[in-house]
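Throughout, protein chains are lettered first and strands after them, A, B, ... in sequence-line order, and every chain is numbered starting at 1.
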Amino acid sequence: MLSILRKARLKDKEMRILMLGLDNAGKTTIVKQIMKEDVSTVSPTLGFIIKTIEYEGYKLNIWDVGGQKTLRSYWRNYFEKTDALIWVVDATDRFRLDDCKEELHGLLLEEASRLVGASLLVFANKTDVNGCMSTEEIKDGLKLDEIVSHKWTILRCSAMTGENLGEGLEWVVTDAKERLFLY
Amino acid sequence: MDAVPEDRDVKALKHSTRLLEDINKRLSRLLWDTKQDGKEPRRTLRARVNVHDYHKIIHLLESFQEFPQLLDPILVECMGNLTSGFSAYLLTGRDEAETVSDLEDRSAVNIIAALGQLLYVWMKVRGPKVVLRFLYNDPKWLEPMLGVFENSDKLIDQSDQSADVLNDVIEEKVETSSYSKKTERSGLSWHLRYVTLIWISHILYTPFDLITIADEAASSPPVPLVKVPPMPDGISAIARRVLTVACCSIHSAGKDREGASAAIVRLVVRKDVYHYLLDWFIDWVSTTVAICVNGNEKEDENGVVYVYLLMGLLSALSGIFASGERSIVGGPELLANVYETIVRELYADASGLIAQNAMLRKTLCKLLRNLAYLYLPPPGKSEPQDGPPEQVEEMIDQLLRFLDDRDSLVRYAASKSLSLIALRLAAADRSQIFEAVIEMYDTDVLYPNRALTKLEPKKRYKKDLSQVSVHLWHGLTLTVATFLRFHAATVSMLPKVLDCIVTALVFEQRKATFATGGNVRDAACYAAWSLARNYKTEEMMAERCIAPYPDTMTLPQLLAQELVNAACLDPIGNIRRGASAALQELVGRHPNMIQDGISLVQAIDYSAVALRSRASTDVASKAAVLGDACYWDGLINGLIDEWRGIGLQDSAGRIIAAKGIGSLAKIGILELNRRDEVWKISRNIIKRYGVGPTLDIDVRHGSWYALADIIFSLINELEGKEPKLLADILAEMKDKTGVFGIFDSVKPRDFVHPVLKPEMTCEAAAYLITALSDAAKIMCAQGRPDLPIPLLRRYLCVIDSALERWEENVTTVAVYAAERFFLHMNDRYRAEIVKLWLGKSRARTRRILVVKALGAVFRFFNLSKEEGTGLSMMQQDIIDGILVVSRSPHIEMRVAAMSALADGIFPQGFVNDQILQAVYRSLIDYSIDSRGDVGSWARIEAIRAVLSLQATRPIDISTPDTTQIRIFHKIIALSAEKLDRVRLKACDAVWKITAQEKDWAGGIFQGITQESSFWVNWDEYFETMVRILSHKPAMQAFLEGYATSAGAGSDSVMRSSTRAIQKYLSGLPAYPGTDGTVALSDIANCWIKIVGDAVASGDDRIVVPSLAMLGNWFESHLIERLEAGPFRFADIFPGAPSSRIIN
C-alpha cells in the first residue's frame, strides 16, 4: 500500500512542505499571495491549513501551521514525511528575533530525527516595510550558520507585494530536484 | 499488533553517507586491478573477482532496497565502473573461455558472471528504468552484446560454477541433469542474460537502420527450445540474431524472460522491422494462445512450460502496444485481429491456465490497458459522442471482475489499469465506471428484511457482510481511492461513496482461526485520505449523509468520527497511523468543518497511535472529551463493537480494550455527566456475550474485564479524594446494571469443562471479583449494607474454581483475587477457607494456585500487637502445609511452595530452620522428566525466595555450619552451573547478598553494576566469577558447580568457562605459600573431595563433567606443575576400582 502511494507521489512530483514561524510572521499571507488570493483579510491561523500549489509541474502541499507551540503532530504521518521546511521571520520584529532563534533551533534539535532530510528555507518577510532588518542581521540573529543538519538558505520577501516568493519556491523545487526527483 | 516504533527510513538516511562511500570504493576495487605502471596508474579489469568482496557489496546494496533514492549520489560513478567493466570485457577478444585451474575454487568467480549479477542487483534496487539511462546506447555494442549469447562457451567455461558460487548454490553433479543444463543454460546465469537482454533492448532504440550496424549471420547461433515459427523472408540478419537470442529466454521461468520480452518489443516496433515482424509476431502469439488455452498440455515435447511462454509473449505483446507508435500498432484491423484471436480466447480460458496463474492475470490486466488506450482516441482528443467502443467496455468489465481476484497482485494491477483507462475517458463515462464500482459494493451484502421488522433505524440499515468477498472489497476500495485521486466521483455521489469508505473502515471477516479485512481497512484509510485531499470544502458540504447516518451530520464530520475510531481502536498499527494521517488531511484541507479538529489532530498523531495500548486508552480519552464529546459515543461503542475492542480474537487485545472502556466510562461519568448512558452501555456489555447457544466465551472474557475496569478506573480516580461520591456511584452502578449478580447466570461447568476455555473464564472472573469485592468494601465503609452472604459464597466458589487452574494467565489474577477477597471476610470464615485450601493442597494433584494463595493470605493472620510477635495458630498451619507441599512429588507443586514462601511468608519477615531446609532442598532439585531439566524451575524459584528473604532478614554468611551458609554456598555453586537462566539468577542473588561484604563487593564484584556487560558476555562472566575459587569456604561448592559448565555446558559456555579457569589456575602457585592464598594443590585436593563424595553418592551429574574438566587440565599441562611437590596423583582415583566409571 505504502509503496504504491510513494510511487504515485514521485510520479505526480508531490512534495510536503511545512510552513512555520512565530505568530504574525505572515505565513498565511504568503500562501495566499502565492495562490493569488485576496491578502487583505487574513486572520490568525488556528491549528493548520493544507493548501496545494502547482509550481513548474510540481505539486507542493503546503502545511501552513499556526504560530503555536504544539506542533509535533504535524511533522510526519503515515502517508508522507516532510520534504522541506519554510521558516518565516517577521523582518520588522526586532524584539522577538531572539525568541525566533530559540524556536527554530529548538525545533531542529528536538525533532532532528523526524525532519531529517528536509531542507530549510528562511523567508525574511515584510521587507517592503521601511526600517526592516537586513538579511545579514537576521542571519546572525537566527544563528543560521550554526545549522549543519539541514541544507538552508535565506531570502528576503514580501507577502504583500509578492516579491521573491517565486524565487523561494524555485529554490525549494530545485533543491528537491537534486535530492528527491533526481532520476 | 503495535506499529514499528523506530522509523527505518530515518535511520537509513542517517547512516547512508558512510555506506555509500563504502560501496563506491569497494566496487572499483572489486573490478579493477590498479597497477603502478611508470607514473600513470593503469587499470586493468580483473579476470576473476573475489567472492567475499562481491557479497559484501551486494549486501550493502540490498540494504537500500526500500530507500533506493538514497543511492543516487553514487549512481553515476558506480554505473560508470560497471558499464566500462562490462564493455572492457566484451572488447577483449578471447578464443576460448579461461579454464579454471581449480574447479572447486569458491573464493573467486568469473568476472562476467559477477558483472551480470551486480548490474541486476542495481536494477532490482534502483529500478531498471533508472539504470538503463547509464547503459551505453551506441549501436556498435549490439554485436558484442549478442556475442554474449552466441559465443557463450568462450566467455564462461561449461564447467565454471561462478554463477552457482555467487548464489551459494551447491549442486551435486548428476549426469542426468546435465542434459538440460548444457542446452539451455549454456553456462550463463539468468542475471547475466536478463541484464544483457535489457541492454540489447536499450540499444535497439537506435534511430539508424539495423542493416547499417551489421548484416552478418551469426556463426554459431544458439538454438531456442521454443518452436519459433519460420521467420519471414527479407528480415535482416541482425534482427534475426536478436530475435533468436530473445527466443531462447522467452519461455524462461526466471527474470530473463522479462529481458527477452523487452528485446522483442523494441525490435518489433522498429520502423525498419515492423513490416516483417509485427504480423508474424501476432500470429505467433495467437497460435500459442490457441494451443495453451485449448489444450490440456502443460509443456511441449522440448520441455517448454506453456505458462511462462505465454507470460513472456503476452507481456511482449502488451509492451508492443504500449510503446509502438499509433500509426504502426493502432490500425483497426490489427486491433480487431488481436482482440478476436487473442483477448477473447484469454477471456474464455478454456483450459483454466489463466485462472491458475496470478502473474498471467496480472500481465493480462496490463495488456488490456494498453489495448484499451489504442481503442480510445489519443489523450487530448475528445471522444466520439456515443461513448467508448464496445471492446473497451468489455475490457473494463473484465477488469472489474479482476478486482475480486484472490491474488492481491492482480487486484492491484486491475485497479491501476481501471483507473488509468478511466482517465482517458470522458468525464461522464468515468463517473459511470465509478458508479459501477460503487454498486459492486452491494454484491452479496445481506440486509435485514426491512418490511417485516420494526427495527430501530440503525439496525434497519445494518449490513451483513459475512458473505461478501474480502478480495472484492479490497479491490473496490483501492479503486475508489485512486478514482477519488483524480476527482472521478461527482458531488452527488459523495454520500454513497462515503458510506462505502466508512463501511470499509470497519470491515472484518472472521475465519476459524484468523481474521481478514486488514487490507480493506488499510485501503479505506487511503480512500478517505484521497477524498479529503481532492475534494473542495464546498463539494464536501454540498450533500448530507444518507441513512443510516443522521442527515443532520455533514460528510466531513461523519468521516472524522469514523477516522477517530479507526485511529484509536483498530487492532493493526499501520491502519491506526493511516487513519490518523487521513484525519490530518481532512482537518487541514477543510478548516472549521470538523468539531475541535485541530485539537483532535494533535491528540491523535502519528506516534501517539503507534502503541495499541496507548491508542485505545490515553489517546481515546483525550479525543473523547473534544468537540462536545461527540466522539465519546463512537469510541466507547467501538470498544464493545462486534469485531473491535472486547470482540477481538486475541485476549491481550481484549484486555487492552477493557482498559479503554474503563477510562472512557470514567470520563463519561465524571466529566461528561453521562451516567445513565454508561449504565446502559454496561448493560449492553453484559448482554454482549449472549447466553445459552449464542454464548461467546471470548467476548465474555473481554466483557468481564471491561466491567471490572470501569470499577477500577473509578476507584483509582476517586478513592481517597471523594470516597462518598465514589460509594454513591458504585451503589448506583450496582442497582442499575446488576453487575454484582453477574455470576448468577454462569454455570459451574463453565469453570471446568475443557471445551469451554475454563482458563479464560476463570481469569476474567477472578479479575471481576477483585473489582467487585473492592467496590463492596468501599460501599460498606460508607455505611451501605454489605453484600449478602449467599453472594459472597458464590464469589468464593468462583475464586476456588480459578485457584484450581494452573495456566499462566490465571495465576496472578486469581491469587490476587483471593487475597483481596480475604479482606472481605471475618476471621471465622478466613480460618475455614484456609483449612479448606490446606486440605486441597495436600491432595496429590497440581493445585499450584491454592498453594500460592495460602502464601498470599498468610499476612492476614498476623498476631495483633498485644499478642506478641510469634506465629498465630493459622500461620503455623499454613507453614506446615507449605512444607508438606515442598516435598510433593510434582515439580509444579514444589515450585509453588517456593513461590508461596517468596511472596507470602518471607515478606512478613518470618523464617525458621525447617523452612530454610526446604529452600535448600529446592536449590539442589535436579529432577528431570520428559520435559527436560524441570528441577531448574525449583532452583530458580528457590533463588527468588532467598532474595525475598534477604530483603527482610539479611542472610547470615559469616557464621559457619548453618543452613544459611549452606544455602549461600549452594547459590554460589549455581552461579557457575551450565543452565544460562539459572546461572544468571544465581549470580544476581550472590551479587545482591554480598553487596555489603568487603571481600565480595570490593573484590570479586568490583565495578559490576546492573548494566555491566558482565551479565551478557560469557567470557567476561567466567573470568570474573572464577575468582570465587580464592574464597576458601566457598571453593568446593563453586568448583562443583563450575564442573558442570566446563565439562558439560553448551559449546560457548564450555569454551568460555574452560578458558577462564585455565587462565586462573595457571596464575596460581603450585603449592601454598605462607600467606595462606589459594594454590593449585588446594584446587586439586578440592576436586578429589568433590569427586570422592559424588562417587560415594553415585551422582553421575557431577562425576562425569568433573572428569572432563580434569582431562582438560591435564591436556593443558596444568597439573604437571604439581609433580614438584607432595601431591599424590594416585589420590585422583581413590574409589576408582569400586566405582562404576570403570565399567
Are more than 12 heavy atoms, taken from residues, nucleotides or ligands other than [X], located less than 6.0 Å from that residue's [atom1] atom?
| X | atom1 | answer |
| --- | --- | --- |
| B/Lys362 | NZ | no |
| B/Glu77 | CD | no |
| B/Asn592 | CG | no |

TODO: Dump the intermediate steps for side chain to side chain contact (heavy atoms under 4.5 Å, CB included) on B/Glu585 and A/Asn61, then the final yes or no.
DONE: CA-CA 11 Å; B/Glu585 200 72 24; A/Asn61 294 312; 5.7 Å; no
Open item on the list: Assess whether a salt bridge exists between B/Arg485 and A/Glu14, defined as any Lys/Arg side-chain N lying under 4.0 Å from an Asp/Glu carboxylate O.
Closed with: yes
Open item on the list: Measuring only between side-chain heavy atoms, which start at C-beta, is A/Phe48 closer than 4.5 Å to B/Gln602?
Closed with: no
- [ ] Enter the distance from A/Ile49:CD1 to B/His590:NE2 here, rounded to the nearest 0.5 Å.
- [x] 12.0 Å
TODO: List the atom of A/Ile50, the atom of B/Gln584, and the distance in Å for their closest heavy-atom pair.
DONE: CD1-O, 3.8 Å
Task: Donor-acceptor pair between A/Thr52 and B/Arg533 side chains, under 3.5 angstrom - done: no
